[in-house]
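Below: one structure, written as structure tokens.
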Amino acid sequence: MAAPPREPRTGRVAPTGGLRRRRPYGKALLYLALVAGAVPTLLPFVWLVRSALMEDAQMFTAPPEWIPRPFRWSNFGEALTAQPFGLYFVNTVIVAVISVLGTVITCSVAAFSFSRLRWRGRNVVFALLLSAVMLPYAVTLIPTFVMWQELGALDSFIPLTVPSWFAGAGGGVFNVFLLRQFFLTIPFELDEAAYMDGASPWRVFWTVVMPLSKPAIVVVTIFTFIGTWNDFLGPLLYLNDEEKYTLSLGLASFQSIYITQWGYLMAASAAVIAPIIALFFFLQRYFIEGVTLTGIKN
Amino acid sequence: MAGLSGQRRLERRWGWLMALPAVLGFLIFTAGPMVASLAFSLTDWQVGGSPSFVGLDNYTAMASDELFWTSLGATTYYTLGAVPLVLIVSFAVAMLLNQRVRGLSLWRTIFYLPTLVPSIANVVLWIWIFNPDFGLLNSLLRQAGLPSGQWIYDEATAIPSLIVMSTWGFGNTMVIFLAGLQGVPRHLYEAVSIDGGGAWRRFWHVTLPMMTPTIFYNLVVGVVGTFQVFNQAYVMTEGGPNNATLFYVYYLFRKAFRESEMGYASALAWVLFMIIVVITFLLFRNARRWVHYEMAGAR
């Protein structure tokens, strides 16, 4: 369908606006529009950072001031020790890593079966699994909760991590779909050659298909990681003990306690946002590619 | 021939084995809970007690449950506002970025950044942006000499405020639009130019028709996702003021986990499911009239 996102930009489409004839005027207008869009997009971030570094007194001045005087770096230290954010961070990482591992492994295994092994009923089963993607999460919420309750798994990471070891379960099936699409682009001759040499399907999966699928695996890794990192409803339902809180849950409880302490709240929010933004800057290309992939391969 | 059938047997055995986690996941975490949910919805079940069969009582009770209708109304209002607004804004920005812009990746990063903010941090941030006394929004309005508002603390402006807030996270939609725009074949634009068509005609006769599959995808994903809005209601407004933001899933959550009416909440869940099925069905049926699939396939 559309051009793959990694294609060099030189092959891009001609401009759609009438910019070629009235270039200087049009260009200026274009950049003006971009800046006009960028200012409100960035303003909340600037507001967040300046508030995180201000003393409360300065925050409430009218008209609002933008430069903290003095820079109150201790907001961060105090906010992050007022509740054990370090612990929340570790908890979130544990949940995220286990979920990512489970999703990547079981989803690629399933995607391999659905794309490169021939068995009767394969396509019917796949279509059935895929139907779960459109299912509203609220429909399965209550029975799933009751199930974990019956199994005595409440207030643990089990309900948050185990489903990912069943090919993501529910909406996570979308990953199987993405990986399958990618696997289908790998030449089947490679499999056949390996089978000739007496390889088992597992070996073909592990030594032929997986090494060639790194881009797709990175995309699934990133989006599963972000999804787990940002999940709120899951931890809210399943975790009671504050020792087990994730960052999202910790921040929500922090905000209900320190509702009047702006500096703390903004500092804590900034600290929760920062890791994800840092991750984005390192893996930018894959992010955009991943989003694009989800949109194009529908 | 014996070798081939051996290979087939091998593939069949491994095929089932490797699909097993996904199939089990579907049975345990999707199909099973769905059936269970339907069964729960036919019972009167308080947590701790045992469920008793009540037939369709929960569903008929819904018809006279004022809060059910309130929540349905609030959610529909929010979806009707947020989805078109996000589509228009992200399409417009994607159009801008599809021109020959210097520093494309920088601009793209800027517009994508809000999408990365974890939902709860986003909510906390916007609570303070909307704060009537010291928030960013009112501060700016006062400075400009404009009247300030109560935003999420006023029944009339609560949902419009949340709609504005939702627009901030248009990055994913924008990136998908941008990829779609870059896939529009150049020769179509040239054809219009040769016929003497200007920018408007190129947009109306090439860009828009070629983009309809992408618009449709974003529309469906947007509607289904937005209809299940939860976090804003839970953390920002607690459904208030005066139930103005009592979103459907939040109401369901409250029924199930605060008032422990598992039977009634399950019925709510099934009604939500049916609503989403109907909406999706209508969108797809309507799509035949305006989505150019055959052209997309020819790309």
Side-chain angles (χ1 to χ4, degrees), chain A residues 1-3 5 12-19 30 33-34 37-38 41-42 44 47-48 60 63-64 106 109-110 112-113 117-119 129 132 136 138-140 142-144 163 166-167 169-170 176 195 201 230 232-233 248 251-252 255 265 269 272-273 276-277 280 288 291-292 295-296 298, chain B residues 7 11-12 14-16 18-19 21-22 24-26 29-30 33-34 36-37 93 96 99-100 107 110-111 116-121 124-125 129 134 136 139 143 172 175-176 179-180 182-184 186 189 198-199 202-203 207 217 228 230-231 235 249 252 256 262 265-266 269 272-273 276 299:
Chain A
M1 284 175 71
R12 275 202 318 135
V13 167
T16 51
L19 298 178
L30 171 64
L34 282 173
T41 306
L42 291 179
W47 173 260
L48 172 78
F60 302 141
T106 55
V109 165
F112 178 78
S113 172
L117 297 177
R118 289 160 295 183
W119 43 281
L129 295 197
V139 180
T140 55
I142 294 168
T144 313
F166 291 88
V176 178
Y195 287 127
N230 295 353
F232 176 66
L233 188 56
S248 282
L251 185 60
Q255 101 87 26
L265 262 171
S269 304
V272 172
I273 297 171
I276 290 286
I277 295 204
F280 174 76
I288 302 295
V291 179
T292 309
I296 289 175
N298 63 81
Chain B
Q7 170 68 19
E11 283 191 33
R12 195 174 56 205
W14 279 93
W16 272 106
M18 292 175 96
L24 283 178
F26 178 78
F29 295 106
T30 301
M34 267 193 78
S37 179
V93 175
L96 291 177
Q99 314 291 328
R100 283 195 189 124
W107 290 110
I110 290 175
F111 290 116
L116 293 166
V117 175
S119 167
I120 288 306
V124 171
L125 176 60
I129 289 176
F134 314 108
L136 172 64
S139 299
Q143 220 173 355
N172 280 335
V175 172
I176 292 172
Q182 295 184 348
V184 178
R186 184 204 292 257
Y189 289 121
R202 268 183 300 213
F203 174 74
T207 313
Y217 171 80
Q228 301 179 64
F230 173 79
N231 292 357
V235 183
V249 175
L252 187 160
M262 291 298 201
S266 297
L272 174 72
F273 175 53
I276 288 186
R299 264 190 236 170

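Each chain gets a letter, A, B and so on, in the order its sequence line appears, and its residues count up from 1.
Going from atom CD1 of B:Ile110 over to atom OG1 of A:Thr41 covers 8.0 Å, rounded to the nearest 0.5 Å. Distance CD1/B:Ile120 to CZ/A:Phe232: 4.0 Å, rounded to 0.5 Å. Of the inter-residue distances, the one linking B:Leu136 atom CG with A:Trp47 atom CH2 reads 5.0 Å to the nearest 0.5 angstrom. Summarising the geometry, atom CD1 belonging to A:Ile277 is positioned 6.0 Å from atom CG belonging to B:Leu116; distances are rounded to the nearest 0.5 Å. Note: A:Leu117 CG to B:Trp16 CH2 = 12.5 Å, rounded to the nearest 0.5 Å. Between atom CD1 of residue A:Ile142 and atom CG of residue B:Leu252 there is a gap of 5.0 Å, rounded to the nearest 0.5 Å.
Heavy atoms only, all atoms of each residue included: A:Pro143 and B:Pro33 are closest at CG-O, 3.2 Å. Residues A:Phe166 and B:Gly25 share a closest heavy-atom pair of CB-CA, 3.4 Å. The two residues B:Ala121 and A:Leu251 have their closest heavy-atom pair at CA-CD2, 3.5 Å. Between A:Val139 and B:Ala269, the closest heavy-atom pair is CG2-O, 3.6 Å. Contact record, A:Val109 with B:Met18: CG1-O, 3.2 Å, taken as the closest heavy-atom pair. Smallest separation of non-hydrogen atoms from A:Pro44 and B:Ile129: CB-CD1, 3.8 Å.
With sequence neighbours excluded, no residue satisfies side-chain hydrogen bond (donor to acceptor under 3.5 Å, both in side chains) with B:Gln228.
With a 4.5 angstrom heavy-atom cutoff, B:Trp14 touches chain A via backbone and side-chain atoms both. Proximity to chain A (any heavy atom under 4.5 Å) is shown, for B:Leu96, by both the backbone and the side chain. Neither the backbone nor the side chain of B:Val93 has a heavy atom closer than 4.5 Å to any heavy atom of chain A.
No other option in A:Ala38, A:Ala110, A:Pro136 has as many heavy-atom pairs under 4.5 Å with chain B as A:Pro136. Looking only at heavy-atom pairs under 4.5 Å with chain A, the residue among B:Met262, B:Gln143, B:Glu11, B:Arg12 that has the most is B:Glu11. Per-residue counts of heavy-atom pairs under 4.5 Å with chain B were compared for A:Gly37, A:Ala33, A:Pro163; the largest is that of A:Pro163. Of the listed residues (B:Leu272, B:Asn231, B:Ile276), the one with the most heavy-atom contacts under 4.5 Å to chain A is B:Asn231.
With a 4.5 Å cut-off on side-chain heavy atoms, B:Phe29 and A:Thr144 count as touching.
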